[in-house]
Amino acid sequence: MIPFGSNGRRVAIVAGVRTPFAKAGTALKNLSAIELGKLCVAELLQRTELDGSEVDAIVYGTVVPSVVAPKIAREVSLLPLLPKGVEAVTVGRACASANQAITDAADQIVLGHHDVVIAGGAESLSNVPILHSRSMSEKLVAFSRAKTLGQRLAIAGSVRPRDLVPIAPAIAEPSTGESMGQSAEKMAKINHISREDQDQFALRSNRLAAEGLEDGRLTA
């Protein structure tokens, strides 16, 4: 990616690092999205021998933000390898959050605000937040505000088994109830993109990837 701004500033992605992909609940289940992000940024700095003091900003995204620590860029920026107070911006665009982070970082460089930015994204579907039902949440709030033992006992006694059923975040859009795959199928139908065309595009991608591995571009 080498876009040019009207001021002539050139932007280039000079290095990249990622962890292996793994199914949820398997090899990387004990690592949160924040921990995965920190591992990648630390490894990137070491591999490139980039002095952390040269980094102007961290732009990072995730799909399902942590309820406890929703600003993943801020958490990643606290690595001891990075300067204290480095700018940290968290972005969100569902599964394209990392792409948005890279785009935003490039924009900041083109505009002359920064020279060196680390951008990326991380997600751990092994560690998505599990929420209480609305009824249980209301009772927990009421319990915390109760001033007498009698009030607390009354609230505790009102809890029913259905209140204890947790709510896991759905990987779907709330307004339509559609997953990314379902939305993609609809988009393909509206735009008359056949399954054969999609398969040919996928085949082309795999062939280019194989060529990149063979000639060393992707393994350098």
Side-chain angles (χ1 to χ4, degrees), residues 1-24 26-29 31 33-63 72-73 76-77 79 81-82 89 91 93-126 180-181 183-185 187-188 191-220:
M1 181 183 73
I2 309 178
F4 290 86
S6 58
N7 56 7
R9 285 177 65 87
R10 175 176 178 269
V11 181
I13 296 176
V14 297
V17 169
R18 70 168 177 82
T19 68
F21 283 86
K23 289 183 178 180
T26 59
L28 302 177
K29 66 180 181 180
L31 295 172
I34 290 171
E35 291 169 324
L36 290 170
K38 285 184 174 181
L39 282 172
C40 280
V41 172
E43 181 69 16
L44 179 68
L45 289 168
Q46 292 175 19
R47 285 191 190 182
T48 58
E49 298 182 351
L50 176 66
D51 189 330
S53 63
E54 296 182 46
V55 178
D56 299 314
I58 300 288
V59 185
Y60 235 76
T62 191
V63 181
I72 187 172
V76 171
S77 75
L79 281 168
L81 298 170
L82 294 169
V89 180
V91 299
R93 197 170 188 174
C95 294
S97 294
N99 302 67
Q100 187 63 54
I102 294 169
T103 301
D104 287 358
D107 288 345
Q108 291 300 302
I109 293 173
V110 167
L111 292 170
H113 298 317
H114 299 311
D115 294 316
V116 178
V117 183
I118 294 178
E123 184 53 85
S124 172
L125 294 182
S126 304
M180 181 184 293
S183 180
E185 290 291 343
M187 181 275 293
N191 292 280
H192 308 291
I193 303 172
S194 69
R195 172 59 62 186
E196 183 180 357
D197 288 341
Q198 296 175 56
D199 289 343
Q200 288 298 323
F201 189 87
L203 178 60
R204 172 181 174 274
S205 295
N206 278 278
R207 283 174 172 166
L208 290 174
E211 291 173 6
L213 289 171
E214 290 173 3
D215 64 23
R217 280 176 292 167
L218 296 180
T219 55

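Keep in mind the model is a prediction, meaning the values are calculated, not measured. Heads up: numbering here begins at 1 and tracks the sequence.
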Closest approach of Ala98 to Gly121 (non-hydrogen atoms, all atoms of both residues): CB-N, 3.7 Å

4.5 Å side-chain heavy-atom contact, Val14 and Thr48: no

Asp215 side chain vs Arg217 backbone, donor-acceptor pair below 3.5 Å: yes

Verdict with reasoning, Gln46 to Leu81, per side-chain contact (heavy atoms from CB on, under 4.5 Å): CA-CA 9 Å; Gln46 292 175 19; Leu81 298 170; 4.3 Å; yes

Closest contact, heavy atoms only, Arg93 versus Ser97: N-OG, 2.8 Å

Minimum-distance pair of heavy atoms, taken over all atoms of Ala122 and Ala33: CB-O, 3.3 Å

Spacing of CD1 belonging to Ile102 relative to CD1 belonging to Ile13, to within rounding of 0.5 Å: 5.0 Å

Heavy-atom pair with the smallest gap, counting every atom of Ala22 and Thr26: CB-OG1, 3.8 Å

Side chain to side chain, Ile72 and Glu123, heavy atoms closer than 4.5 Å: no

Side-chain heavy-atom pair Tyr60, Val41 within 4.5 angstrom cut-off: yes

Distance, nearest 0.5 Å, that separates CD1 of Ile58 from CG of Leu82: 5.0 Å

Heavy-atom closest contact (Leu45 atom, Gly52 atom, distance): CD2-CA, 4.5 Å

Exam field: side chain Asn191 to backbone Met187, donor-acceptor pair closer than 3.5 Å: yes

side-chain contact (heavy atoms from CB on, under 4.5 Å) between Thr19 and Leu31, worked out: CA-CA 11 Å; Thr19 68; Leu31 295 172; over 6 Å; no

Side-chain donor-acceptor pair present, Gln108, Asp104, cut-off under 3.5 Å: no

Minimum heavy-atom distance Leu79-Lys38, with the two atoms named: CD1-O, 3.7 Å

Expected output: side-chain Asp56 to main-chain Val116 donor-acceptor under 3.5 Å: yes

Nearest-0.5 Å distance that lies between atom CG in Leu213 and atom CD in Glu211: 10.5 Å

Worked check of salt bridge (charged side-chain N to carboxylate O under 4.0 Å, His left out) between Arg195 and Glu185: CA-CA 10 Å; Arg195 172 59 62 186; Glu185 290 291 343; 3.0 Å; yes

